[in-house]
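First the structure, in the form of structure tokens, and then the observations on it.
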Amino acid sequence: MAARRAFTDTDTADEAVRATCDDASVCKRFATSKSYWKDPYIQYFVRSVGERKAPEINRGYYARVQGVKYLLDAFIKKTECDCQIINLGAGLDTTFWRLKDEKLMPRKFFEVDFPTVVARKIHYIKTKSPLSKPIIETHSTDALLLDGQSLDSDRYCIIGADLRDISNMDEKLKKFQLDPELPTLLLSECVMVYMTPLQSSNLAHWAAETFHTAMFINYEQVNMGDRFGQVMIENLQRRQCTLAGVESCQSLDSQKERFLRTGWEHADALDMITVYSMLPQDDVARIESLEFLDERELLQQLLQHYSICWATKDKLNLGLSQLTF
Amino acid sequence: MTVESKTDFATFATVQSMAHESRYDREKKMAEGANDAELLKEKANKYFKDKDYENAIKYYTEALELNPSNAIYYSNRSLAYLRTECYGYALADATKALDIDKNYIKGYYRRATSNMALGKFKAALKDYETVVRVRPNDKDARMKYQECNKIVKQKAFERAIASDEIKKSVVDSLDIESMTIEDDYVGPKLEEGKVTQQFMTEMMDWFKEQKKLHRKCAYQILIQVKDVLSKLPSLVEVTLKETEKITICGDTHGQYYDLLNIFALNGLPSESNPYLFNGDFVDRGSFSLEVILTLFGFKLLYPDNFHLLRGNHETDNMNQMYGFEGEVKAKYTAQMFQLFSEVFQWLPLAQCINSKVLVMHGGLFSEDGVTLDDLRKIERNRQPPDSGPMCDLLWSDPQPQNGRSVSKRGVSCQFGPDVTERFLEQNKLDYIVRSHEVKSEGYEVTHSGKCITVFSAPNYCDQMGNKGAYIHLRGSDLKPEFHQFTAVPHPNVKPMAYANTLMQLGMM
């Protein structure tokens, strides 16, 4: 009998990271139930609305979701849907279904996450018809490729892989018809911060090497060198969750650097206060009236410590570096 | 790697037939256009009749995809959303319907109903009014208008009543005497119905170990403190003798372990160690009940040397949203929360020390000319109004520039150094002390020393990393002396109404 590998510290850390996908989806579930934005699919991943979340959390997620959506949609429109999207560390994200509804589907939508997360997501997809229907509808044959750790169809593919094991992930993606010639959008939300700066640089580098025309959107913490950053790190440590990549989260510049150093031509980064102020303000006014926020400081501080960074390379000269808020 | 046919999955079988159906539908749609939107709508209507609202919504949505400028589809979907309590979506759809066709009567009905559900009665009334105007002979419209009008009037009335106590108090329906304390309760009890030093020590330890005070004791405290507070004026005036001092604390927000730390650093309250807590005792923090019962206990023990002022979080709206109501309901009952609400209404609004220093939770006023006498006369036994001195006392903030501005909070105002100067001069005061805003150092001195902020909830919400502070004020010189302190650890307890903010933060 093979010796069982001891449950190491890194296993605990990984487990804690996997759990973050639930935090995100639970918060999104609550925020959408309060009409911050529309997501008819999240309920199939998170059944009950759950406990009330603080208004600053709801507004923070609103800014994140709308911010990422803005850039993502801009990329798809620029490439006229003739592109592919890879969501790294996708968790229980529902973007694929949104794009199908809004008729903004790329040629193929890939999602990558830890195998256990992917297995869960596949289970939900299999058992909830509003999730499986769009996948089946867009598949040309009668049979889908499916096993415990991956699901592949013409327009949607999800695979279980460790983002720190790049060659393995690359192999799996290519197996499922990842096309390096297509303009590609890579997305990672609160993913890189959980791996070391070296590992995340490798990921950025792999993306730059693989695709000649691409955009990489990275949403995560920033300005972590202050008291707030310290408090967050301490709080997370208590949950056995380590922000291994916090070094790259020191400033907007360090966020951009990670991409510029690894073969990307151009990079922009904005903190979420700026992004929030650049979102359509009539909708912002609408969501601000949904719940009364008693202490604006809490929201300001939160938004100040998250950023969206987007890097581009543009061999096909599509004008990707002009995409901005 | 297995290749599974779709029919292998139970759901895929149904899904497959639906997939075929929709492929067929798609072709049909391309050929037949708008008629199919109608068919979809009929389908949705049928689901609606069968009370299958999820499917009704689905098909209305599909109909809208084919025909996005159909007011009826929006209106119907709005009704389906209402049934599934998605009031925000219902309102949006009703509004869309009216955008498309402003003469569509049902649209006004839908929007009015959505607004009613959201508690926006005045807005609903406007729409009912429109329908009645357009259809003067419609009895149903008239009836709906009148009903809504009644509610609007009732709300206005409730807001306007002063201390008439037309509203029945929880106290009247409580029978404390016949409440028994079970034998297996080994926690603190009042001694002959009174709060003693012994009781307070025991209770604080009991709370520290996260245990619950027996509800009879909680009720006893609440009833007695309500009585004590109701006898106080809205502006409390105290005199500090030369040799006396007082400690002023700002917001504590349910951070019980930090409150215990204040007592550890600065001594327990007593006749010779008086305290003034400047509002916002509850909400956000996980231990609001422990904080408030401790503060109320000390109020009963040292009524002349332990002072409490009302903050904007000692109100129903805030408690409902920010955790206190949820915490009380979970640990005790809704009835007890009702009593807390009544007690909060009797908290004084401001305190004047030696006729020189004025303390209030929020700040100064939206208009010049407010006097201390005006404050004395405020009938405070109510929820704060949307504007006016009582609202300002709980909500306003200082600003660096002269004049007044619209408040960042959307309630009350921001007031500049000149406003402070004029107010102090008119009322012969030296400076004001207020709280209400988190400060990284725990306190802040502004308006050339005439407006001081003190905040006593360190590492607010487990997020801000700020220090807490309290102020020593001596009767001899009335010069503020600041003491800072940092957060102490607390048990990792999920607050009643929120998953712990700090956890969500990291995961964003």
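Throughout, a chain's letter reflects where its sequence line sits, starting with A, and its residues are numbered from 1. On a predicted model such as this, the values are computed, not experimentally measured, just so you know.
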*side chain to side chain donor-acceptor pair (under 3.5 Å) partner of A:Tyr36, the single match among A:Glu291, A:Lys28, A:Gln66, A:Arg286*: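 Of the listed options, the one satisfying the test is A:Glu291.
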*Return the option, out of A:Gln301, A:Arg227, A:Glu234, with the maximum number of heavy-atom pairs under 4.5 Å with chain B.*
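Highest number of heavy-atom pairs under 4.5 Å: A:Gln301.
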*asked:* Under a 4.5 Å cutoff for heavy-atom pairs, which residue among A:Arg296, A:Lys38, A:Gln230 has the most contacts with chain B?
replied: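 The option with the most such pairs is A:Lys38.
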*Pair A:Trp97 and A:Tyr124, ring centroids less than 6.0 Å apart*: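 Here the rings of A:Tyr124 and A:Trp97 have centres that are no less than 6.0 Å from each other.
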Region of [X] in contact with chain B, defined by heavy-atom distances below 4.5 Å:
{"X": "A:Glu102", "value": "neither"}
{"X": "A:Phe292", "value": "both"}
{"X": "A:Leu290", "value": "neither"}
{"X": "A:Ile233", "value": "neither"}

*Applying ring pair (Phe, Tyr, Trp, His ring centres under 6.0 Å), name anything that partners B:Tyr443, two or more places apart in sequence or on another chain.*
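Here the qualifying residues are B:Phe482.
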*Check whether B:His313 gets within reach of chain A through its side chain, its backbone, both or neither, counting any heavy atom under 4.5 Å.*
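The side chain, not the backbone.
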*Could you tell me which portion of B:Asn459 (side chain, backbone, both or neither) has an atom closer than 4.5 angstrom to a non-hydrogen atom of chain A?*
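It is the side chain, since no backbone atom gets that close.
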*Are side-chain heavy atoms of A:Leu151 and A:Ile158 found at a separation under 4.5 Å?*
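A:Leu151 reaches A:Ile158 side chain to side chain.
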_Verdict with reasoning, B:Asp93 to B:Tyr60, per side chain to side chain donor-acceptor pair (under 3.5 Å)_ = CA-CA 11 Å; B:Asp93 274 357; B:Tyr60 286 133; over 6 Å; no
*asked:* Between A:Lys121 and A:Asp113, does the salt bridge (Lys or Arg N to Asp or Glu O under 4.0 Å) criterion hold? Intermediate values first, please.
replied: CA-CA 10 Å; A:Lys121 192 162 190 177; A:Asp113 211 313; over 6 Å; no
